[in-house]
Number of protein chains: 2
Amino acid sequence: MAAELTVHQLSDKHRSTLDQALAAIRSRAYWSPHPEHPKAYGETAPADGLAAFEAVRGTRFDLGQPGTDGWTGGEVSPYGPELGVEYPHADPDVLLPAMKAGMGAWRDAGPEARALVCIEILARIGARTHEFAHAVMHTSGQAFMMAFQAGGPHAQDRGLEAVAYAYEEQTRVPGQADWSKPQGKKDPLELGKTFTAVPRGISLMIGCNTFPTWNGYPGLFASLATGNAVLVKPHPRAVLPLALTVKVAREVLAEAGFDPNLVALAVERPGEGIAKALAVRPEIKLIDYTGSTEFGDWLETNARQAQVYTEKAGVNTVVVDSTSNYKGMLSNLAFSLSLYSGQMCTTPQNLLIPRDGIETDAGHKSYDEVVADLAASVGGLLGDDARANALLGALVNPDVKSRLEAAAALGEVALASREVVNPEFPDAVVRTPVMVKLDAAKPDPEAPYLSECFGPVSFAVAVDSTADALELLRRTVREKGAMTVGAYTTSADTERAIEEVCLEESAQLSLNLTGGVYVNQTAAFSDFHGSGGNPAANAALCDGAFVSNRFRMVEIRRQA
Amino acid sequence: MAAELTVHQLSDKHRSTLDQALAAIRSRAYWSPHPEHPKAYGETAPADGLAAFEAVRGTRFDLGQPGTDGWTGGEVSPYGPELGVEYPHADPDVLLPAMKAGMGAWRDAGPEARALVCIEILARIGARTHEFAHAVMHTSGQAFMMAFQAGGPHAQDRGLEAVAYAYEEQTRVPGQADWSKPQGKKDPLELGKTFTAVPRGISLMIGCNTFPTWNGYPGLFASLATGNAVLVKPHPRAVLPLALTVKVAREVLAEAGFDPNLVALAVERPGEGIAKALAVRPEIKLIDYTGSTEFGDWLETNARQAQVYTEKAGVNTVVVDSTSNYKGMLSNLAFSLSLYSGQMCTTPQNLLIPRDGIETDAGHKSYDEVVADLAASVGGLLGDDARANALLGALVNPDVKSRLEAAAALGEVALASREVVNPEFPDAVVRTPVMVKLDAAKPDPEAPYLSECFGPVSFAVAVDSTADALELLRRTVREKGAMTVGAYTTSADTERAIEEVCLEESAQLSLNLTGGVYVNQTAAFSDFHGSGGNPAANAALCDGAFVSNRFRMVEIRRQA
C-alpha cells in the first residue's frame with residue numbers, strides 16, 4: 001500500500017515535538033505542546049466539537065475491524081442523556097490474529113517512524129479536543145472545563161510523554177555497531193552487529209470510567225510506540241473517548257502505510273466482562289489497567305503470560321502540622337477536595353490534624369477550628385451553584401453516591417454534602433463533598449480512614465501529634481498505597497521526617513501547596529503520577545520501567 | 001563513622017571508568033577495563049592468587065555478619081579436593097533487619113557515590129582475579145583459563161555493565177528541577193522539585209553452580225547500585241567465589257562509611273533449601289536467579305512480593321543451511337560444543353542439518369558427511385589430553401554425567417564421549433562431548449531435541465529442509481526458550497528467514513561464525529545475554545529493563 005503520509009513528512013511535522021519532549025523528560029521543566037485553553041483551538045472549534053459529538057450520538061460506530069460479530073453499547077451520560085452509540089463487538093479468535101498480521105512491518109519501521117506516527121495520532125486527537133471534551137464529560141461526569149483539559153491536552157501530554165520514553169528506551173543502543181576486539185599481534189576479532197527492538201505481542205489496555213483518555217493514553221502509546229499492537233477495552237460506561245481514539249489511530253496507521261488493525265477496539269455486551277477472558281489470552285503480552293484493587297490484583301495474579309501495569313486504589317493523606325499561610329492552605333485544600341467531586345485517584349482523603357491544634361500565621365488554631373475553617377472554605381468555594389457545577393461535575397455512578405451518603409454515619413459531620421442543581425442537565429447527580437471527623441486515638445482495624453472511600457468524602461482525623469500522623473501515614477501507604485501525599489509544615493525537622501516516610505514508603509509528596517498547584521494534579525514531562533513502589537500502583541507515569549519491558553532487543557551478529 | 005574512602009577519592013579513581021562504561025553501552029563497541037590475560041596481573045599474581053586460595057581452604061570464613069547462628073559448608077571441588085571452608089549460617093530474623101538499617105544512608109548517598117563504591121568493589125575483586133579463578137575453577141569445574149576469564153574479567157565486565165545501566169537509569173531525571181508554568185497575564189505557577197531514587201528493599205541473589213560470579217554479578221551490582229541491600233545465597237556447591245565477593249563488598253562499604261551489612265551472605269546447611277523460605281520473605285523485594293526452569297518458575301509464581309529476574313533452561317539451536325567456509329564452520333562449532341563440556345546455558349544443543357546435505361565451499365556435503373566431519377573436528381580438537389583438559393574442565397556434578405551417559409541410547413552415536421584423565425587432579429570427571437544423530441521427520445512430542453539436555457550432549461537432527469529447520473527452531477524457542485541461536489547460510493533469503501524467526505521469537509542470533517568468536521560467548525557492553533523475550537529467561541543482561549524497576553523515583557515538590 002502506498003503511504004499517503006511518509007516518514008519524511010511526519011518527521012518534518014513532528015520531529016521537533018519529539019525532540020522537545022525528550023528534552024523535557026530529562027529537564028523536568030514545564031513544557032507542553034497541547035494548549036490548555038479552549039480558545040486556543042480556533043473560533044469555530046467549540047461549535048464544531050459539540051456538533052461532532054452530537055453527530056456521533058445515536059449512530060453505529062463502525063471501525064471496519066475484522067471479526068466484528070455484532071454491535072453493543074449503552075452509555076448513559078452521568079449528566080443524564082443516553083449517548084446511544086453502538087460499537088463493534090469483537091470475536092477475539094478473528095480479531096487478535098488480524099491484529100498480529102501487521103506487526104512485522106510495524107516492527108521493521110523502527111522506533112522513530114513509530115514515534116512519529118504516534119505523534120500524528122496525538123496531533124489529530126489534539127485538533128479534535130473540543131469533541132473529545134464532550135465525549136469525556138458525558139462518560140466520566142467531569143465538568144466541561146476539566147473534561148477539556150484533563151481529557152484533552154493533559155491526556156495528550158501523557159501520551160506524548162510515553163512516546164518519548166519509548167523512543168528513548170529503544171534508541172539507547174544503535175541499530176548497527178561494529179565490534180573489534182584486539183588480539184595482541186594477531187588480527188582483531190571483528191563482528192558486525194544489528195540491534196532491533198521487537199514487540200512483545202498484543203497489548204491490552206483496560207480503560208477506566210473516570211479518566212478514559214488520561215489514564216489510557218500512557219499504556220496505549222507506550223505499547224504502540226514499542227512495536228506492539230494495542231487492543232483497547234474501554235470501561236463500558238466510558239467507551240466513546242477511546243472509540244474516537246481508536247478510530248483516529250486506525251486512520252493514521254492506514255495513511256502511513258501500516259495495518260490499521262494494529263489498534264482495535266473491544267467493547268463488551270452488558271455484563272459480559274470480557275476483560276478477564278482477554279487478559280489471559282496467549283496473544284496478550286502486555287496489559288495496562290486502571291481501576292479497582294480487586295481486579296488489578298486479579299490481573300497481576302492470573303495474567304501471568306503478560307507484563308501487567310496497574311493503577312489501583314489507595315489512601316491519600318495530607319499531614320497538617322503547621323503553616324505560614326493558613327488561608328492559602330485552606331483554599332488549596334478546599335479546591336483539592338472539591339475538584340471532580342473527589343473522584344480522582346489523587347484526591348486527598350485523610351487529613352491528619354493534631355488534636356491540640358496547629359501553629360499558623362493567623363495564630364494557634366485548634367483541631368476544631370482547622371476543621372471548621374476548612375469546611376467553611378469548601379463551603380465558600382462551592383457556595384455559588386454555577387461555580388460548584390463547574391468544579392464538581394457529576395457523580396460518575398451510583399456507587400459513589402452510596403458511599404457519599406453512607407459517609408455521614410461514620411462520624412461527626414464537619415461539612416455536610418449538599419445537592420447542587422445543574423440547570424443544563426437536571427438529571428445530573430451533583431453533590432458537594434462531605435467531611436467527617438474521626439479520631440485516631442483508639443486503634444481500630446476497621447477504622448474508615450484505613451481504606452479508600454472513593455468519591456467526595458474526606459476524613460478530618462485527629463491525631464495525638466505529628467509524629468503519630470507520620471506513623472499513620474506510613475501505615476496507610478504501606479498497607480493500602482497512596483497516589484499522593486500532601487503536607488503542611490513550617491518546621492524543617494518535621495518536613496524532613498515527612499520526606500523520610502515518603503522516601504521509605506515510595507510515595508509522591510507535595511509540600512506546602514497554597515497557590516494554584518494542587519496535590520491531585522500532576523504535569524506530564526515533569527511530575528511522576530504514582531511511584532510504582534506502594535500498593536496503589538505497580539507502575540509510575542511515566543518512567544523507564546513503564547516502557548523498557550514492552551519490547552525486547554534482538555541482536556544479530558555476523559562475522560565481519 | 002569517618003570514611004577512609006571519600007567519594008572524591010573514588011571519583012578520582014573510577015569516574016572515568018564509569019564514563020567509559022556509559023559510552024560503551026551506547027556505542028556497543030568493544031571495551032573492557034578488565035584484562036583477560038593472566039600475565040597482565042603482575043609477575044607474582046599467579047602464585048599469590050594460588051596461595052590466597054590455598055590459605056582460605058580449611059578455614060572458617062568469618063564475615064562478622066549479625067545473626068550468625070552457626071557454621072556450614074561442604075564444597076567439594078569437581079576436580080576432587082574438598083575445600084573445607086565453613087561459612088556463617090544466618091538467622092534471617094536477625095540478619096534481614098540488620099541489612100535494612102544502612103539503607104537510608106546508602107539511598108541518600110545518591111547514584112554516583114553508589115556507582116563509585118560498586119566500581120571500587122569490582123576493582124578490588126579484579127586485583128584478586130587469580131584467587132577468584134581458583135575459587136571458580138574448584139566450584140564450577142571450569143578449566144583454569146576459563147575460570148580465570150569468565151569468572152574474572154568477564155564477570156567483572158558484566159558487573160560493571162550493570163552498574164553503568166543502573167547509574168544511567170537513576171540519572172535520567174535531575175536531582176532537582178525548577179518548574180514554571182506560564183499563566184497568561186498572571187504570575188506563573190512555580191514549583192521546586194526534587195527527585196530521589198529510592199530502593200525497593202533487600203535484593204536476593206540466588207547463585208548458580210556453573211558461573212557463580214558471571215551470572216551473579218549483574219543482579220548483585222544492579223541492585224546494590226540502585227540503593228538496595230543485597231543478600232547473596234550461593235549454590236551450595238559454589239559458595240567460595242561469592243563469599244569472597246561478599247567479603248570484598250563489605251570491606252569497601254565499611255571503608256567508604258556505609259554499613260557493611262548492605263551486602264551479606266546466606267549459606268544453607270546440607271538439604272536445608274533456604275532459597276524458598278528467603279524468596280517469600282516480605283523484606284525481599286528483588287530476586288535474581290539462574291538455574292532450573294522448575295525453580296525459576298516457582299519463584300516467578302510464588303515470590304509475588306518481589307521483582308523476579310530469572311535465567312532458566314533453554315534449547316539452543318544451530319541451523320546449518322550452507323557455508324562458504326566449511327572448515328571454519330566445523331572448527332567453530334567443535335569449539336562451541338567442547339568448551340566447559342557444554343555446561344553453558346549458551347552451548348548449542350540442536351544442530352539442524354538438511355537430510356539432503358548442504359552446499360559448501362568444499363562442495364556438496366551429505367548429512368552424514370557433515371555430521372562425521374563435525375565429529376572428526378571435535379575429535380581433533382580434543383585429541384590431545386592436555387588441550388582437552390584445558391578446554392573441557394570437569395563435569396560439575398553427577399547429574400551431568402548421568403545425562404551424558406544416557407544420551408548414547410537416544411539415537412545413533414555420531415561421536416562417542418571418551419574419558420580424559422587429568423594428571424593434576426585424577427579425581428576430576430572429564431569427558432568429551434557426545435553427539436547423537438536424530439531425525440525430525442516423525443513428529444514425536446517426546447523427542448530428545450525438544451527439551452534441554454544440559455551438558456556435553458548435542459543432537460545432529462536431520463530435517464527435510466531449511467524451512468523445516470526454521471519451523472523446528474521456532475517451536476523450540478517458543479516452547480522451551482533459547483539463550484542463543486546460531487546459523488550458517490550463504491543465501492540472503494535464508495538469512496532473512498532465520499532473522500525473521502529470531503525477531504519474532506525474541507532470540508539472539510549469531511550468523512556464520514567461523515573464526516574466534518563463538519555462539520556461546522557474549523561480550524559485556526556490546527552483546528545481550530538472553531533476550532528476556534522467550535522462556536529461557538525473563539530478563540536480558542543487561543538492558544534498561546534489568547535495572548529500571550529495582551528502584552523507584554520519589555518526587556517532592558514544593559511551592560517556590
Side-chain angles (χ1 to χ4, degrees), chain A residues 25-30 37 104 107 168-169 172-174 177-183 188-189 191 193 195-196 198 200 300-301 304 499-500 502-504 506-517 523 526-528 531-533 540 543-545 548-549 552-559, chain B residues 25-30 104 107 168-169 172-174 177-184 188-189 191 193 195-196 198 200 300-301 304 499-500 502-504 506-517 523 526-528 531-533 540 543-545 548-549 552-559:
Chain A
I25 61 176
R26 288 208 162 263
S27 74
R28 314 308 283 188
Y30 171 76
H37 203 291
R107 176 198 71 209
E168 178 158 300
E169 197 68 28
R172 288 172 79 168
V173 299
D178 293 323
W179 183 87
S180 176
K181 179 175 176 179
Q183 296 293 293
L189 297 175
L191 293 174
K193 305 182 178 188
F195 300 93
T196 305
V198 303
R200 285 273 183 189
E300 290 173 25
T301 305
R304 303 300 306 283
E499 287 180 17
E500 187 62 26
C502 290
L503 292 171
E504 287 182 11
S506 212
Q508 308 296 12
L509 172 64
S510 296
L511 273 168
N512 297 319
L513 298 185
T514 54
V517 175
S526 184
D527 293 324
F528 292 105
S531 76
D543 63 7
S548 57
N549 229 342
R552 299 284 72 213
M553 195 58 77
V554 171
E555 174 185 354
I556 299 168
R557 53 184 192 170
R558 292 173 172 78
Q559 198 145 305
Chain B
I25 61 176
R26 290 208 162 263
S27 75
R28 313 308 283 186
Y30 171 77
R107 175 199 72 209
E168 178 157 300
E169 197 69 27
R172 287 173 79 169
V173 300
D178 292 323
W179 182 87
S180 177
K181 179 176 176 178
Q183 297 292 294
L189 297 175
L191 293 174
K193 305 182 178 187
F195 300 93
T196 305
V198 303
R200 286 271 182 190
E300 291 173 25
T301 304
R304 303 303 304 284
E499 288 180 16
E500 186 63 25
C502 290
L503 292 171
E504 287 182 11
S506 213
Q508 308 296 11
L509 172 63
S510 296
L511 273 168
N512 297 319
L513 297 186
T514 54
V517 175
S526 183
D527 294 324
F528 291 105
S531 77
D543 64 7
S548 58
N549 228 342
R552 300 284 72 213
M553 196 56 79
V554 170
E555 175 185 353
I556 298 168
R557 52 184 194 171
R558 291 171 172 79
Q559 198 146 305

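Here is how names work: the chains are called A, B, and so on, in the same order as the sequence lines, proteins then strands, and each is numbered from 1. These values consider heavy atoms only, across backbone and side chains, with no hydrogens, waters or symmetry-generated copies.
Contact tally against chain B (heavy-atom pairs below 4.5 Å) for Ala540(A), Gly532(A), Ala29(A), Gly533(A): the top residue is Gly532(A). Taking chain A as the reference chain and counting heavy-atom pairs below 4.5 Å, the highest number among Leu511(B), Leu513(B), Asp178(B) is found for Leu511(B). Ranked by heavy-atom pairs under 4.5 Å with chain A, the list Leu503(B), Asp543(B), Thr301(B) is led by Leu503(B). For the options Ala177(A), Ser531(A), Gly104(A), Cys502(A), heavy-atom pairs under 4.5 Å to chain B are most numerous at Ser531(A). Your options are His37(A), Glu168(A), Gln183(A), and the one with the most heavy-atom pairs under 4.5 Å with chain B is Glu168(A).
At a 4.5 Å heavy-atom cutoff, the contact between Asn512(A) and chain B is made by backbone atoms alone. Both the backbone and the side chain of Ser510(A) come within less than 4.5 Å of a heavy atom of chain B. Arg172(B) touches chain A through backbone and side chain together, each having a heavy atom under 4.5 Å away. Both the backbone and the side chain of Arg26(A) come within contact range of chain B, judged by heavy atoms closer than 4.5 Å. When heavy atoms are compared at a cutoff of 4.5 Å, Leu191(B) approaches chain A solely by way of its side chain, counted from C-beta outward. In this structure, the portions of Glu504(A) lying under 4.5 Å from any heavy atom of chain B include both its backbone and its side chain. Contacts between Lys193(A) and chain B at a heavy-atom distance below 4.5 Å involve the side chain alone, from C-beta outward. Heavy atoms of Arg304(B) lying under 4.5 Å from chain A belong exclusively to its side chain.
With sequence neighbours left out, Ser180(A) forms a side-chain contact (heavy atoms from CB on, under 4.5 Å) with Pro188(A), Glu190(A). With sequence neighbours excluded, the residues forming a side-chain contact (heavy atoms from CB on, under 4.5 Å) with Ala523(A) are Asp527(A), Trp179(B), listed by chain and number.
Heavy atoms only, all atoms of each residue included: Ser548(B) and Ser548(A) are closest at OG-OG, 3.1 Å. In plain terms, the two heavy atoms of Arg28(B) and Pro174(A) that are nearest each other are CG-CD, 3.6 Å. Between Ser526(B) and Glu555(A), the shortest heavy-atom contact is O-OE1, 4.0 Å. Contact between Ser506(B) and Val198(A) at its shortest, heavy atoms only, is OG-CG2, 3.8 Å.
Distance check, rounded to the nearest 0.5 Å: CG of Asn549(B) to CD of Glu169(B) gives 9.5 Å.
Residues Val173(A) and Met553(A) form a side-chain contact, since some pair of their non-hydrogen atoms from C-beta on lies under 4.5 Å apart. With a 4.5 Å cut-off on side-chain heavy atoms, Thr196(B) and Glu499(A) do not count as touching.
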